[in-house]
Every structure is written in structure tokens, then in C-alpha cells.
Amino acid sequence: MPQNPDAMTNVEIAEVFERIANLMEIKGELVFKVRAYQRAAESLRDLPEEAAALDARGELPNVPGIGKAITEKIQELLSTGKLEFLNRLEEEVPPSLLDLLRVSGVGPKKVALFWKELGLLTLADLETAAKAGKIATLPGMGAKTETNILAGIAGLAARGSRMSLGKAFTAGQRWLTWLREFPGVQRAEAAGSLRRFKETVGDLDLVVACADSPALMAAFTSHPGVVRVLGQGENKSSIELHDGLRIQLWSQPPESFGALWMYATGSKDHNVRLRELAQRRKLSLSERGLTDETGNLLRYPSEEEVYAALGLDWVPPELREDRGEVDAALNHRLPRLIETNDLRAELHSHSTWSDGLLSIEDMALAAFQRGHKVLAVTDHSSYLGITRGMKPEDLPRQRAEIEEVRKRLGDRILILHGAEVDIRADGVLDYPDEALAQLDIVIASLHASLRQPREQITARLLNAIRNPHVDIIAHPTGRLLLDRAGADLDWQAVFQAVQENGTALEINAAPQRLDTDDIHARHAVSLGIPITINTDAHSAADLDQAFYGVSVARRAGLEKDAVINTWEPERITAWLKSR
DNA sequence: GCCGTTTTCGGCCCGACTGTTTTCAGTCG
């Protein structure tokens with residue numbers, strides 16, 4: 001069945017449903033209806049295939065959270081790009097009100113009140129009304145509400161939306177060190193999306209087991225870096241720092257730490273699933289523990305004990321996204337996820353031959369020191385001037401140097417001579433086949449002209465995949481998180497081509513890339529496509545970022561054997577030769 | 001609006017904190 005190449009993507013459709021949910025909430029619709037649209041949006045974001053493809057096979061209603069009504073709305077969006085239901089909703093509820101929801105402390109109920117009682121429509125209206133003291137005249141509101149709203153509006157601009165996983169990780173480590181040194185803190189850990197290794201992180205969520213919680217919370221909220229205290233209680237406090245970073249800190253006594261850590265780790269949807277499961281067992285799950293029918297609170301120091309009390313295996317945080325992991329834990333069918341120390345090879349690295357910082361020998365030693373048995377040196381081709389890439393005629397001299405280093409390092413590490421070859425804007429590879437044939441391993445990647453239309457840029461990638469010398473497609477979309485959107489690929493076509501050609505897809509571990517993402521990596525492995533996790537190292541320190549890539553693989557549910565980098569050197573070379 | 005080892009109708013997670021209230025609604029995660 002022919003598909004409309006301009007059809008809306010899953011992400012775009014999800015955004016429509018999120019808009020509907022917010023508008024309906026302001027309108028005062030039943031919260032469960034609102035929740036249904038939110039769930040549908042989340043489901044769409046998790047889909048490895050475009051909704052258009054699923055719809056062509058009549059499979060949309062099989063997607064969790066998508067029923068008859070929402071299927072029809074998706075079909076209307078796919079065929080017309082518009083939705084009559086949304087148009088009518090926007091006539092009832094002015095869409096400019098959605099901006100007001102972004103102010104912290106302001107939710108749908110307050111927005112509805114501002115709109116209906118004071119006729120406010122925009123953020124500017126709200127600011128003017130707050131300054132004029134009109135907000136305090138509304139029922140249930142006072143002077144404090146007004147100052148909070150003004151502070152919230154002021155904070156909107158300063159407040160960065162989300163941060164990269166790398167920034168979150170570094171900040172998290174710093175705060176955990178501070179917490180662990182605080183008297184009475186027995187344990188301090190990261191939770192939230194940082195612990196689940198989501199590709200971007202909103203707020204930092206941290207948890208502690210602490211004997212003297214009030215003292216800790218007081219110290220936390222009066223830390224010198226704090227510009228605003230968003231909340232302070234005995235068990236929970238929230239602060240905003242000068243750079244816009246928000247941190248939430250939860251505390252429970254050590255005997256309840258397991259339930260607290262689970263709760264704060266989320267995801268929200270995973271928690272909801274667990275609470276439903278508890279309910280069916282006549283229990284109630286909260287961050288304090290399980291409460292039985294008689295009101296008796298059962299406390300658990302560790303997460304394992306809470307999961308066990310619900311009849312579940314412990315679920316690795318990276319899987320806690322309500323994508324079927326609860327059922328798997330119930331049936332003892334969770335995957336045995338890959339771990340960072342399973343890695344034996346780095347197959348994408350740069351040296352001073354292009355834009356790397358170290359010589360081939362120093363890179364090889366750095367990789368060896370990190371437990372690797374294989375290092376592929378894959379310097380850039382010359383298409384991108386900025387990388388000081390290599391001409392094909394440079395390759396024999398580089399090969400000679402690699403031979404020298406091999407002699408010096410002996411059997412400590414296997415060095416492969418490779419290249420990261422650019423796929424030019426016209427789809428032609430930067431090196432001729434004769435040059436590629438001389439290399440041990442060839443990576444092809446897109447770096448420029450990423451905004452080409454879907455058909456064009458997909459054709460470009462397919463051309464590289466079909467070249468028999470190309471072993472790996474690196475960071476397929478070329479995205480830079482929070483900075484640059486990736487190529488708008490036709491993933492179905494990409495999957496089919498790599499499947500036919502036995503090409504591997506890379507999960508690029510650089511925290512600003514994390515490309516291939518978890519959703520597509522999961523689907524690729526289900527199709528039998530080999531995955532490789534690489535740091536794209538330009539320095540020794542870059543090699544230490546492999547765990548970010550592993551976290552993507554773990555979120556994708558990957559086991560060790562699905563990832564080439566865990567294989568022994570003989571198996572890797574055999575795989576390369578077989579191609 | 002979705003969904004079914006209690007249900008095709010009647011449910012749909014739980015608690016902390018805040019600001020306004022004298023008992024609670026709204027927001028948040």
C-alpha cells in the first residue's frame with residue numbers, strides 16, 4: 001500500500017494529543033479522558049514503527065492506550081494532517097491559555113479560573129493581573145499566590161527546559177557527594193530520569209536514607225547555590241539553583257528506603273502499574289512501603305524486597321517505562337541486560353590523523369587500560385573540512401603506522417585499521433570502493449545536509465548501507481540532543497536495508513548523541529540486526545563514556561550477545577570477514 | 001477514552017507540600 005511521505009510522524013501526532021489533553025483539562029473534562037489522551041501520546045512516542053505503517057495493516061487498535069476513538073483521530077491526522085475535534089476544542093478553549101500551564105504552581109484549575117473569572121488569555125495578561133492584585137481577589141487565592149505566580153513567570157525564561165544526560169550525571173554526582181557527607185545520611189542515591197538514563201533530564205531527583213531529615217532539609221534549602229526554594233517539608237524539598245537547575249530531594253528512614261527509591265525513580269507510568277498490581281493484592285503502595293487492609297505499613301530497606309512483596313523480579317531502572325516490563329517481571333522473563341564491563345571492543349575512534357587528540361599508539365594503550373581487546377581506528381574522511389579528515393591516498397601511510405604500533409604492543413590489543421567515511425549530500429561515499437576494500441572496518445555516517453526531505457536523506461543512507469564494504473552505520477540520524485534535530489529517516493526502509501546487507505547499527509555513546517535511540521535499537525534487535533556501542537572517542541577520557549551507550553542498550557532491553565563489542569576478538573574479525 | 005484472572009459497565013495510583021482555609025483543593029512527581 002502506498003504511503004504518504006508527508007504523513008505526520010508519531011512524535012507530531014503525540015504532540016497533538018498532548019495539546020488536546022491540556023486543553024481538555026482546562027475545559028474541565030473528566031480527568032480519565034485527559035489521561036487517555038496522555039497515554040495515547042506516550043504510546044505513540046514509544047512506537048518503533050510509524051503509525052501510518054501500523055494503520056496500513058489495521059494494527060493501530062492493538063497499541064496499548066489506543067482504542068476506537070483515538071484510532072479514528074490518528075487516521076484523520078494521517079490522511080488530512082488536521083483534526084476537526086482539535087479545531088472545535090480550540091474554539092472553546094483559547095490555545096494561548098496553554099502558555100499559562102508552564103508557570104510552576106499553576107495548573108489547569110487555576111488557568112480555568114483566571115480565564116473565566118478575569119478573562120485572562122495570555123502570560124502577559126496573567127502578569128498584569130498579578131501585579132494589579134487581581135489574582136488575590138479570586139476564591140482560594142491570596143497574596144502568596146500572586147508573588148509565586150510572578151516568580152514563576154520570571155523563572156520561565158531563565159529555566160532551561162531539559163539538560164543533557166551528561167550534565168545531569170555530573171551535577172548528580174556532585175550533589176550526591178555533598179549529601180553523603182551530611183551527618184545522619186546513611187545512603188544517598190540518584191533517582192528519577194537520571195537513574196533511568198533517559199536521554200535528557202528535566203529535574204534532578206535525589207533520595208536519601210536519613211536519621212535526621214529536618215536538619216538535612218534545612219541545610220539543603222539553604223545551600224549557597226539556591227536562588228529559590230520551591231518547597232520544603234520533612235520528607236521532601238525542592239530547590240532551584242542559579243543556573244536554572246532544579247533538584248528534588250526525598251527522604252525516608254532507612255527501613256523505608258527501598259520503597260522511596262522506587263517511587264522517586266519512576267517512571268510515573270511504571271509506578272502506576274505497580275500500584276494497580278498492589279491494589280489487586282489488597283495492598284496499597286506508596287513511597288513509604290506497602291499498606292495492607294488493616295492499615296499496617298510494611299517497610300522495606302531495599303527495592304528488591306518491595307518488588308518481591310509484589311511477586312515481581314527486581315526491574316532494572318532503565319526498563320521502568322511501562323513498556324511491558326512489569327508483566328515480564330511477573331513472569332520472570334526480564335532480559336539479562338548488557339553491562340558496561342561486558343564491552344571488549346571500541347569500534348569507532350579517532351586519532352591525530354584526523355581530529356583526535358591522541359596518537360594511534362596512545363589511543364590503543366588507553367583502550368587497553370580500559371579492558372578492551374579490540375580498538376578500531378576510524379579517522380574521518382575529508383568531506384567535512386572541520387575534522388581535518390584524510391584523503392584516500394593517506395590511508396597506506398596510516399596503515400604503515402598501525403603495523404608499527406601492532407608490533408610494539410604485541411598481543412595486548414588488536415588494532416583494526418578503519419575509517420569513518422562521510423556520506424556526501426548526493427549520497428556518494430567519500431572514498432572510492434578501492435580505498436574501502438583495503439580497510440579492516442568501514443563506518444559510514446551522515447554529518448551534513450541533515451535537513452534533506454525524508455525520501456532524499458533515506459536514499460542517501462540506503463546507498464551507504466548497500467555498499468558491501470560498509471560494516472557499520474554510525475549515529476544514524478546525526479542528531480545532537482537539545483541542539484539539532486536528526487535526519488527524518490524512513491526507519492522501515494533503513495531496517496530492511498541493514499537486514500538485507502548484514503550491516504550493524506551503532507548506538508553512539510556520546511551523551512549529546514545517544515543515536516540510535518532505545519526505541520529503534522530495541523526494534524533492530526528484534527529483527528536480528530547487530531548493534532554496536534561506540535564512544536566515537538577523540539580522547540582517552542571519551543572512552544569512559546561508554547556507559548551512556550550501554551544505558552541506551554539497557555533501555556532497549558538488549559542482552560550482551562546482541563552487541564558486537566562484547567564479542568571476543570576472533571568473533572569480531574570473523575564477522576568482518578564474513579561480510 | 002480505554003479496558004477486562006472480579007467487570008462489555010464501572011472502574012481508572014498515592015502521598016507530600018502549599019496556601020488558603022478552619023477541613024481542603026490544587027499542584028506536583
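Here is the naming used below: chain letters follow the sequence lines, and residue numbers restart at 1 for every chain.
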Item to check | Nearest-neighbour nucleotide for the Ala36(A) side chain, dG15(B), dA16(B), dG1(B) considered | outcome: dG1(B)

Item to check | Separation of dT5(B) C1' from Leu330(A) CG (nearest whole Å) | outcome: 11 Å

Checklist entry - Between Glu287(A) (CD) and dC28(B) (P), how many Å, whole number? => result 17 Å

Checklist outcome for this item: Considering only heavy side-chain atoms of Arg275(A), the closest of dC13(B), dG19(B), dC2(B) is dC13(B)

Next on the checklist: Nearest to the Lys109(A) side chain among dC17(B), dG1(B), dT27(B), which nucleotide is it?
Outcome noted: dT27(B)

Next on the checklist: Work out how far the C1' atom of dT8(B) is from that of dG1(B), and round it to whole angstrom.
Outcome noted: 14 Å

Checklist outcome for this item: Leu277(A) CG to dG4(B) C1', in whole Å, measures 15 Å

Checklist entry - If you check every side-chain atom of Asn235(A), which of dG29(B), dC17(B), dT18(B) has the closest atom? => result dC17(B)

Checklist entry - Would you say dG1(B) has OP1 or OP2 under 4.0 Å from some side-chain N or O of Lys33(A)? => result yes

Checklist entry - To the nearest Å, how far apart are Arg288(A) CZ and dG29(B) C1'? => result 17 Å

Checklist entry - Got more than 12 heavy atoms from elsewhere within 6.0 Å of CZ, Arg336(A)? => result no

Next on the checklist: Closer than 4.0 angstrom, basic N to acidic O: yes or no for Glu318(A) and Arg555(A)?
Outcome noted: no

Next on the checklist: Please report the distance, rounded to the nearest Å, between CD1 in Ile149(A) and P in dT18(B).
Outcome noted: 17 Å

Next on the checklist: Using atom P in both nucleotides, what's the gap between dT6(B) and dC12(B) to the nearest angstrom?
Outcome noted: 15 Å

Item to check | Listed nucleotide nearest any side-chain atom of Thr145(A), set dT20(B), dC12(B), dG26(B) | outcome: dT20(B)

Next on the checklist: For Glu146(A) and Thr291(A), find the nucleotide of DNA chain B closest to each by heavy atoms; which residue's nucleotide sits nearer the 5' end?
Outcome noted: Thr291(A)

Checklist entry - Between dT20(B), dG15(B), dG1(B), which nucleotide gets closest to the side-chain atoms of Lys144(A)? => result dT20(B)

Next on the checklist: Could you tell me how far dC13(B) sits from dG19(B) if I compare only their C1' atoms? Round to whole Å.
Outcome noted: 25 Å

Checklist outcome for this item: Output for pair (Trp115(A) CH2, Leu121(A) CG), nearest 0.5 Å, gives 8.5 Å

Item to check | Pairwise P distance for dT20(B) and dG26(B), with rounding to whole Å | outcome: 14 Å

Checklist outcome for this item: In whole angstroms, the gap separating P of dT20(B) from CD1 of Ile135(A) amounts to 12 Å

Checklist entry - Given dG1(B), is OP1 or OP2 found less than 4.0 Å from the side-chain N or O atoms of Gln38(A)? => result no

Checklist entry - Counting only side-chain N and O atoms of Ser284(A), is one of them less than 4.0 Å from OP1 or OP2 of dC14(B)? => result yes

Checklist entry - Given the side-chain rings of Phe169(A) and Phe547(A), with only the six-membered ring counted for Trp, is the space between their centroids under 6.0 Å? => result yes

